[in-house]
Novice: 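Next up is a structure, given as structure tokens.
Computation of the quantities below employed the complete heavy-atom set of this structure, encompassing side-chain atoms and omitting hydrogens, waters and symmetry-equivalent molecules. Note on naming: letters A, B, ... go to the chains in the order of the sequence lines (proteins, then strands), and numbering restarts at 1 for each one.
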Amino acid sequence: NAGVTQTPKFQVLKTGQSMTLQCAQDMNHNSMYWYRQDPGMGLRLIYYSASEGTTDKGEVPNGYNVSRLNKREFSLRLESAAPSQTSVYFCASRGAGIGADYGYTFGSGTRLTVV
Amino acid sequence: GDSVTQMEGPVTLSEEAFLTINCTYTATGYPSLFWYVQYPGEGLQLLLKATKADDKGSNKGFEATYRKETTSFHLEKGSVQVSDSAVYFCALLPSNTGKLIFGQGTTLQVKP
């Protein structure tokens with residue numbers, strides 16, 4: 001049971017560099033999410049996708065873009081990384097419908113440092 | 001807007017002590033409530049959940065009761081173990097959106 005897979009697990013970027021964080025789920029879930037985790041602030045929603053082909057901004061979208069490539073994959077892109085984007089990033093997915101578990105399933109995270 | 005407030009940590013306990021981590025929420029409608037646990041270096045795992053008032057969620061000796069009258073969902077365990085050391089997040093899923101809202105997390109350290 002792979003669940004939600006994130007790559008890479010660790011990354012160091014220089015200010016101004018770009019990168020894409022990858023996320024894939026194998027649970028046939030409709031909804032996918034990107035969160036960032038910072039000390040003392042819990043998890044904050046960056047972007048989400050309620051279904052294939054749709055994306056919406058969350059609480060802290062500035063500096064990020066997303067792509068819902070297909071039902072399985074939801075990527076997060078930093079076009080020009082800034083030190084304020086140093087964080088741990090989590091991807092999550094959620095099923096829906098009768099009998100579904102309405103909790104989220106999380107990936108193991110990407111620890112990003114921007115220097 | 002909807003929000004979740006957890007007690008500040010860190011919480012340090014001796015093994016076999018009783019644990020309570022307070023969580024209160026603000027929400028319209030009838031949200032679902034969750035506790036997630038994050039072990040060092042790992043992602044978040046669902047610990048327990050409750051989807052309506054007076055429901056009790058339980059798992060691995062942990063319990064939490066959905067109290068609508070006090071807007072609370074406190075996490076309890078009768079006897080903690082060193083292996084319970086982790087960060088615990090209370091979360092709310094509003095009834096009208098699919099977006100989970102987290103508290104700030106409470107770090108629990110259990111000493112032998």
Side-chain angles (χ1 to χ4, degrees), chain A residues 1-7 9-10 21 23 25 27 29-51 54-61 74 87-111, chain B residues 1-10 21 23-27 29-52 55 57-59 62 64 66 73 86-107:
Chain A
N1 290 343
V4 178
T5 303
Q6 289 184 238
T7 55
K9 293 189 181 301
F10 301 94
L21 281 64
C23 175
Q25 52 92 9
M27 296 169 287
H29 284 172
N30 290 323
S31 302
M32 298 185 74
Y33 308 82
W34 277 105
Y35 284 86
R36 59 177 288 173
Q37 182 183 22
D38 301 293
M41 303 186 75
L43 278 77
R44 293 180 292 169
L45 182 64
I46 304 171
Y47 269 94
Y48 67 102
S49 171
S51 62
T54 68
T55 61
D56 285 289
K57 296 178 180 179
E59 181 184 355
V60 288
F74 188 40
S87 187
V88 181
Y89 292 84
F90 288 100
C91 178
S93 69
R94 173 176 176 254
I98 297 172
D101 179 345
Y102 292 99
Y104 287 21
T105 301
F106 283 85
S108 57
T110 296
R111 187 173 296 274
Chain B
D2 297 348
S3 65
V4 177
T5 302
Q6 289 180 237
M7 63 185 290
E8 290 190 17
I21 299 178
C23 171
T24 57
Y25 68 90
T26 300
Y30 303 93
S32 296
L33 300 173
F34 303 83
W35 277 100
Y36 281 84
V37 59
Q38 183 181 33
Y39 298 104
E42 298 185 10
L44 278 73
Q45 303 174 24
L46 179 64
L47 182 59
L48 53 84
K49 66 179 180 181
T51 57
K52 62 182 186 298
D55 268 1
S58 62
N59 186 26
F62 291 89
Y66 188 164
F73 193 54
V87 181
Y88 292 81
F89 291 93
C90 185
L92 173 156
L93 186 66
S95 55
N96 59 346
T97 77
K99 296 182 283 185
L100 206 56
I101 299 169
F102 287 89
Q104 69 269 40
T106 302
T107 300

Novice: Looking only at heavy atoms, which two atoms of L44(B) and F106(A) are closest? And how far apart?
Specialist: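 Scanning both residues, the minimum pair turns out to be O-CB, 3.5 Å.
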Novice: So for L45(A), is it side chain, backbone, both, or neither that comes closer than 4.5 Å to the heavy atoms of chain B?
Specialist: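 It is the side chain, since no backbone atom gets that close.
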Novice: In this structure, is the centre-to-centre distance between the rings of Y36(B) and Y104(A) below 6.0 Å?
Specialist: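 Aromatic pair excluded; centres sit 6.0 Å or further apart.
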Novice: Mind checking salt bridge (Lys or Arg N to Asp or Glu O under 4.0 Å) for K9(A) and listing every partner two or more places apart, or none if nothing turns up?
Specialist: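 With sequence neighbours excluded, K9(A) shows a salt bridge (Lys or Arg N to Asp or Glu O under 4.0 Å) to no residue whatsoever.
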Novice: Name the region of Q45(B), side chain, backbone, both or neither, that has any atom closer than 4.5 Å to a heavy atom of chain A.
Specialist: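 Contact with chain A involves no heavy atom of Q45(B) at all.
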Novice: Name all residues meeting the salt bridge (Lys or Arg N to Asp or Glu O under 4.0 Å) criterion together with R111(A); count only those two or more places apart in sequence or in a different chain, and write none if there are none.
Specialist: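 With sequence neighbours excluded, R111(A) shows a salt bridge (Lys or Arg N to Asp or Glu O under 4.0 Å) to no residue whatsoever.
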Novice: Considering only heavy atoms from C-beta outward, does the side chain of R94(A) approach that of L93(B) to under 4.5 Å?
Specialist: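 A side-chain contact exists here, since the closest heavy-atom pair is under 4.5 Å.
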Novice: Taking all non-hydrogen atoms of both residues into account, name the closest pair between Y35(A) and L100(B) and its distance.
Specialist: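 Closest pair (atom of Y35(A), atom of L100(B), distance): OH-O, 2.8 Å.
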Novice: With a 4.5 angstrom heavy-atom cut-off, is it the side chain or the backbone of E59(A) that approaches chain B, or both, or neither?
Specialist: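 Neither the backbone nor the side chain of E59(A) comes within 4.5 Å of chain B.
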Novice: With a sphere of 6.0 Å drawn around CD of E8(B), does it hold more than 12 non-hydrogen atoms of other residues, nucleotides or ligands?
Specialist: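 Open.
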Novice: More than 12 non-hydrogen atoms from neighbouring residues, nucleotides or ligands closer than 6.0 Å to OH on Y39(B), yes or no?
Specialist: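 It does: Y39(B) OH has more than 12 such atoms within range.
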Novice: What is the minimum heavy-atom distance between Q38(B) and F90(A), and which atoms define it?
Specialist: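 Minimum heavy-atom contact is NE2-CZ, 3.3 Å.
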